[in-house]
Each structure stands twice: as structure tokens, then as C-alpha cells.
Peer 1: 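Below are the C-alpha cells for one structure; questions will follow.
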Amino acid sequence: MSDKQPSEWQKSIAGEWHGFPSVFAPDGTHVGVNKVKRASVFEDGRTTYWMKTDFDAVGQLANRFECGEFEFGVIDSDQDRIYTGPDFVGSGRPFGPLVDSKYFSPGWNTDLRTINHVIAERGVQVYSSQLFEADTLVAVFNGLYVQTHDHDSNPDTQKYVAEFLENEKKIGKKPFVLPQKHAGTWTGTMDVYNAQQEKVGVNQVSITYTPITLLRARMDVSIEGVINRKFSYERSRYENHHQYHGPDVFGNGIAYGRYLYSTQHFYGEASKFWSRDVLLDENNTLCSMWQFYDSQQEKYTTFGVLDWQAGDKVLNAQYV
């Protein structure tokens with residue numbers, strides 16, 4: 001028997017996770033779903049990750065990603081989780097309740113960036129994978145997972161999971177569209193970790209949102225805490241393509257269902273931030289991960305939930 005203990009991340013994900021992530025082509029077209037049950041199991045000092053899938057998609061991606069079952073070894077620690085194959089080879093970086101992983105799938109011939117964020121108070125894991133050949137995106141998977149410890153034996157848990165999965169299947173392709181006619185504010189607390197994966201505090205975040213047209217809006221962002229910044233920009237959307245027009249940040253993004261990936265550059269500085277923003281529910285709640293860079297070097301990884309408070313309706317019926 002080994003005296004090795006599981007990492008804090010491993011402890012937080014004990015049990016089984018159930019999800020129905022959506023599958024997207026590189027242009028953002030929804031092409032299918034993948035019913036998944038998975039677990040990371042620590043036993044006798046060793047960690048094994050298994051995953052059972054039921055892939056249901058159309059076109060080229062259906063042939064490429066049909067797989068069935070996975071099982072691979074993990075060298076577990078709070079600094080790095082190293083995946084030792086055969087299904088995945090690479091590693092993940094834990095930041096408390098979030099792991100940012102980069103690894104290779106020999107069976108799919110894709111390099112993956114996978115982000116898993118456990119929101120304990122909501123009982124869900126916010127998952128996404130971007131899949132690449134070299135630097136070329138070939139697919140995106142994303143969706144929410146729910147955690148169980150007695151799924152095989154408890155009918156109530158089975159019913160809960162079945163209902164959760166059915167809802168995920170329906171809303172997974174819902175587009176990332178912010179309120180079109182109402183102003184409002186997102187507020188919340190985001191955990192802050194440095195590049196050494198140490199928690200260094202929190203940020204209080206406020207985003208004041210004001211629609212200009214049905215496809216354009218002004219954003220006034222205030223961050224206070226470890227990072228102290230105020231910046232504003234105008235954003236626009238065409239289909240699932242998003243653009244940020246300054247004056248303080250410039251950049252763009254593309255949405256895959258409820259998930260929006262963006263890069264924004266601060267004007268006149270060697271600073272930028274990469275983001276993954278997820279619309280969690282019908283209340284426009286955002287689950288956000290923002291990674292800040294100075295001189296092209298990662299400085300802070302921040303993440304949290306931002307709650308929406310609707311304000312006035314600013315685009316009203318027009319009359320001649």
C-alpha cells in the first residue's frame with residue numbers, strides 16, 4: 001500500500017461526472033453532441049482517468065472523434081497533472097478549482113486545450129476543449145457537467161442526471177448573445193492566481209453594459225483588488241463573430257454555442273488578456289476566465305461567476 005495522497009484538485013473531482021457536451025466545427029457550426037460519463041480515480045497511490053462516451057455528430061468530425069472508452073494514467077500533484085497515455089499525453093495546471101490542460105490525443109491526432117472549472121456552490125463543472133492540428137483549430141467541445149457519488153445505486157440521482165443531461169442537450173447550441181435592448185451590470189468576485197499557480201487574492205469586477213444598436217454595445221469595466229484597472233470599449237457581433245473596437249482595448253472573439261473565446265489588447269501597452277466567457281443560464285450569468293499577459297508573458301489567471309442585474313430598456317419602439 002502506498003502512503004501517497006491525492007492532490008487537492010483530485011479530491012475536489014472525486015466521484016463521477018456526467019455531461020452532454022456539444023460539438024462544433026471550426027466556424028462555430030453545431031454538428032452534434034457527446035454523452036459522457038467520466039471519473040478520475042485515486043487508488044493505492046495511483047490515479048487513473050476513465051471516460052465513456054457516446055458520440056453523435058454529423059460530417060467529418062463524426063468519423064474522426066468516434067472513440068467509445070478512454071483510460072489513461074495520471075501523475076497527480078497540485079503543481080502538474082501529467083497524463084501518461086495511451087489516450088492522452090500531456091499535462092494540466094491546477095489553479096485551485098480550475099485546471100488548464102494542454103495535451104495530445106494520438107487517436108484523434110489533435111492537440112487539446114481543455115479548461116475545467118468546478119463551481120462547487122452550483123454543483124457543476126464548466127468544461128471546454130479546443131482541438132488543434134498544430135495551430136489550426138479543427139473542433140470545439142463544450143458543456144456543463146454534474147457530479148455524483150451514487151449514480152449506479154440511487155434512482156433519485158439517476159433521475160436528476162437524466163434531466164440535467166436532457167437540458168444540456170437542448171441548450172448546448174444556444175448562441176452567446178448578450179441582452180439586446182436592456183442596459184445592466186455584471187458584478188462578482190474573481191479568484192486571482194499568479195503564474196506560479198499561487199492564489200494571491202481576489203478581484204471585484206463590475207461591467208456596465210449599454211446597448212447602442214441590436215448588434216453593438218458599450219462596455220465599461222472596473223477591476224479592483226490584485227489587478228486594478230478601468231477600461232471601456234465598444235463591442236459588436238456578426239453571427240458568432242465578436243469584435244472589440246476600443247478606445248481602451250481592441251481585439252476579437254468567436255463563440256461556440258454559449259462559450260465565447262476572445263483576445264483583447266490594451267491600447268498603447270504591451271498587455272493583453274485572453275478570455276473564456278460562458279453564459280451559464282437564462283439569467284445571463286457569466287462564468288468567466290481571464291488570463292492577463294504582460295510582454296507576452298502570463299501574469300495572472302483569474303476566474304469567477306458574474307451575476308447580471310438588468311437596468312433600463314434603452315432600445316425602445318420607434319415611430320415615424
Peer 1: Mark yes when over 12 heavy atoms from residues, nucleotides or ligands other than E198 sit less than 6.0 Å from its CD; otherwise mark no.
Peer 2: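 Correct, the count exceeds 12.
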Peer 1: Please report the closest heavy-atom contact between T185 and S206, naming both atoms and the distance.
Peer 2: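 Minimum heavy-atom contact is CG2-OG, 3.6 Å.
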Peer 1: Would you call E133 and R64 a salt bridge, taking side-chain N to carboxylate O under 4.0 Å as the test?
Peer 2: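 Looking at E133 and R64, the cut-off is met.
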Peer 1: I need the minimum non-hydrogen distance between T301 and M289, along with the two atoms involved.
Peer 2: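 Looking at all heavy atoms of both residues, the closest pair is CG2-CE, 3.9 Å.
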Peer 1: Which heavy-atom pair separates G253 from L260 by the least distance, and what is that distance?
Peer 2: C-CD1, 4.1 Å
Peer 1: Taking the six-membered ring for Trp, are F70 and W108 closer than 6.0 Å centroid to centroid?
Peer 2: yes
Peer 1: Tell me if the NZ atom of K169 is crowded by more than 12 foreign heavy atoms within 6.0 Å.
Peer 2: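 It does not: K169 NZ has 12 such atoms or fewer within range.
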Peer 1: Checking E168 against R258 for the salt bridge (Lys or Arg N to Asp or Glu O under 4.0 Å) test, could you report, in this order, the C-alpha distance in whole Å, the side-chain angles of both residues, the deciding distance, and whether it holds?
Peer 2: CA-CA 11 Å; E168 275 295 291; R258 298 167 286 173; 3.0 Å; yes
Peer 1: Does the ring-ring contact (aromatic ring centres under 6.0 Å, His included) test come out yes or no for Y193 and F303, once each step is laid out?
Peer 2: CA-CA 9 Å; Y193 287 76; F303 49 87; 5.6 Å; yes
Peer 1: Show your reasoning for whether side chain to side chain contact (heavy atoms under 4.5 Å, CB included) applies to W308 and Y209.
Peer 2: CA-CA 10 Å; W308 167 254; Y209 171 85; 3.8 Å; yes
Peer 1: Where is the tightest heavy-atom contact between N116 and W9, given as atom of each residue plus distance?
Peer 2: O-CH2, 3.8 Å
Peer 1: Give a yes-or-no answer on whether the side chains of R81 and S40 include a donor-acceptor pair shorter than 3.5 Å.
Peer 2: yes
Peer 1: Run the ring-centre check on Y300 versus F273 and record whether the distance is less than 6.0 Å.
Peer 2: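 Judged by ring-centre distance (under 6.0 Å), Y300 and F273 do not meet the cut-off.
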Peer 1: Looking at H151, is its backbone amide N or carbonyl O close enough to the side chain of H149 to form a donor-acceptor pair, meaning the two atoms are under 3.5 Å apart?
Peer 2: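 Judged by distance alone, no pair lies under 3.5 Å.
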Peer 1: Any donor and acceptor pair, going by atom type alone, linking the side chain of D111 with main-chain N or O of F132 inside 3.5 Å?
Peer 2: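 Absent.
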Peer 1: CD/Q125 to CG/L98 distance, rounded to the nearest 0.5 angstrom?
Peer 2: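 Answer rounded to 0.5 Å: 9.5 Å.
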Peer 1: For F72 together with F88, are the ring centres under 6.0 Å from each other?
Peer 2: yes
Peer 1: How long is the gap from OG1 on T263 to NZ on K272, to the nearest 0.5 Å?
Peer 2: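 NZ of K272 is found 6.0 Å from OG1 of T263.
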Peer 1: Distance only, no hydrogens: is a donor on one side chain within 3.5 Å (strictly under) of an acceptor on the other, for Y83 and S101?
Peer 2: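 Side chains of Y83 and S101: pair found under 3.5 Å.
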Peer 1: Is it possible for you to check whether R229 lies under 6.0 Å from the centre of the six-membered ring of F266, through NZ or CZ, and within 45° of that ring's axis?
Peer 2: yes
Peer 1: Is the shortest side-chain N to carboxylate O distance from K35 to D56 below 4.0 Å?
Peer 2: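 Salt bridge between K35 and D56, a charged N being under 4.0 Å from a carboxylate O: no.
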Peer 1: Heavy-atom distance under 4.5 Å between the side chains of K181 and L214, does that happen here?
Peer 2: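 Heavy-atom side-chain distance check passes, below 4.5 Å.
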Peer 1: Can we say K11 and E8 salt-bridge, meaning some charged N sits less than 4.0 Å from an Asp/Glu carboxylate O?
Peer 2: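 Salt bridge flag = yes for E8 with K11.
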Peer 1: T53 and E69: side chain to side chain donor-acceptor pair (under 3.5 Å), yes or no, with the steps?
Peer 2: CA-CA 6 Å; T53 68; E69 296 189 5; over 6 Å; no
Peer 1: Passes side chain to side chain contact (heavy atoms under 4.5 Å, CB included), S236 versus L215? Steps please.
Peer 2: CA-CA 6 Å; S236 65; L215 297 175; 5.7 Å; no
Peer 1: Hey, is D100 close enough to R113 for a salt bridge, meaning N to O under 4.0 Å?
Peer 2: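 Yes, charged N to carboxylate O under 4.0 Å.
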Peer 1: Nearest heavy-atom pair of G45 and F42: which atoms, and what distance?
Peer 2: CA-CZ, 3.6 Å
Peer 1: Will you find, in the side chains of Y127 and S129, an N or O donor that is under 3.5 Å from an N or O acceptor?
Peer 2: yes
Peer 1: Is it true that L279 and Y261 fall in one hydrophobic cluster, defined by side-chain heavy atoms closer than 4.5 Å?
Peer 2: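 Cluster IDs for L279 and Y261 differ.
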Peer 1: Answer yes if the ring centres of Y293 and W274 are under 6.0 angstrom apart, and no otherwise.
Peer 2: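 Here the rings of W274 and Y293 have centres that are no less than 6.0 Å from each other.
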Peer 1: Looking just at side-chain N and O atoms, do N283 and T285 make a donor-acceptor pair shorter than 3.5 Å?
Peer 2: no
Peer 1: Quickly, which of K52, M51, E16 forms a side chain to side chain contact (heavy atoms under 4.5 Å, CB included) with R38? Name it, please.
Peer 2: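 It is M51; the other options fail the test.
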Peer 1: Counting distance only, does the side-chain N/O of R237 pair as donor-acceptor with the main-chain N or O of E239 below 3.5 Å?
Peer 2: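 Checked: pair present.
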Peer 1: Of all heavy-atom pairs between P247 and F250, which one has the smallest distance, and what is that distance?
Peer 2: O-CE1, 3.5 Å
Peer 1: Tell me whether K313 at atom NZ has more than 12 heavy atoms from other residues, nucleotides or ligands lying less than 6.0 Å away.
Peer 2: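 Atom NZ in K313 is packed in, count exceeds 12.
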Peer 1: In this structure, which one of K174, H30, K173 forms a side-chain hydrogen bond (donor to acceptor under 3.5 Å, both in side chains) with S22?
Peer 2: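 Of all the options given, the one that passes is H30.
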Peer 1: In plain terms, say whether R122 and D281 are close enough for a salt bridge, that is, a side-chain N and a carboxylate O under 4.0 Å apart.
Peer 2: yes
Peer 1: Quick one about S275 and Q291 (side-chain donor to acceptor, distance below 3.5 Å, no hydrogens or angles considered), yes or no?
Peer 2: no
Peer 1: Do I13 and I115 land in one hydrophobic cluster if side-chain heavy atoms of ILVMFWY residues count as linked below 4.5 Å?
Peer 2: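 No, I13 does not connect to I115 through the hydrophobic network.
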Peer 1: Indicate, with yes or no, if the rings of F65 and F141 have centres closer together than 6.0 Å.
Peer 2: yes
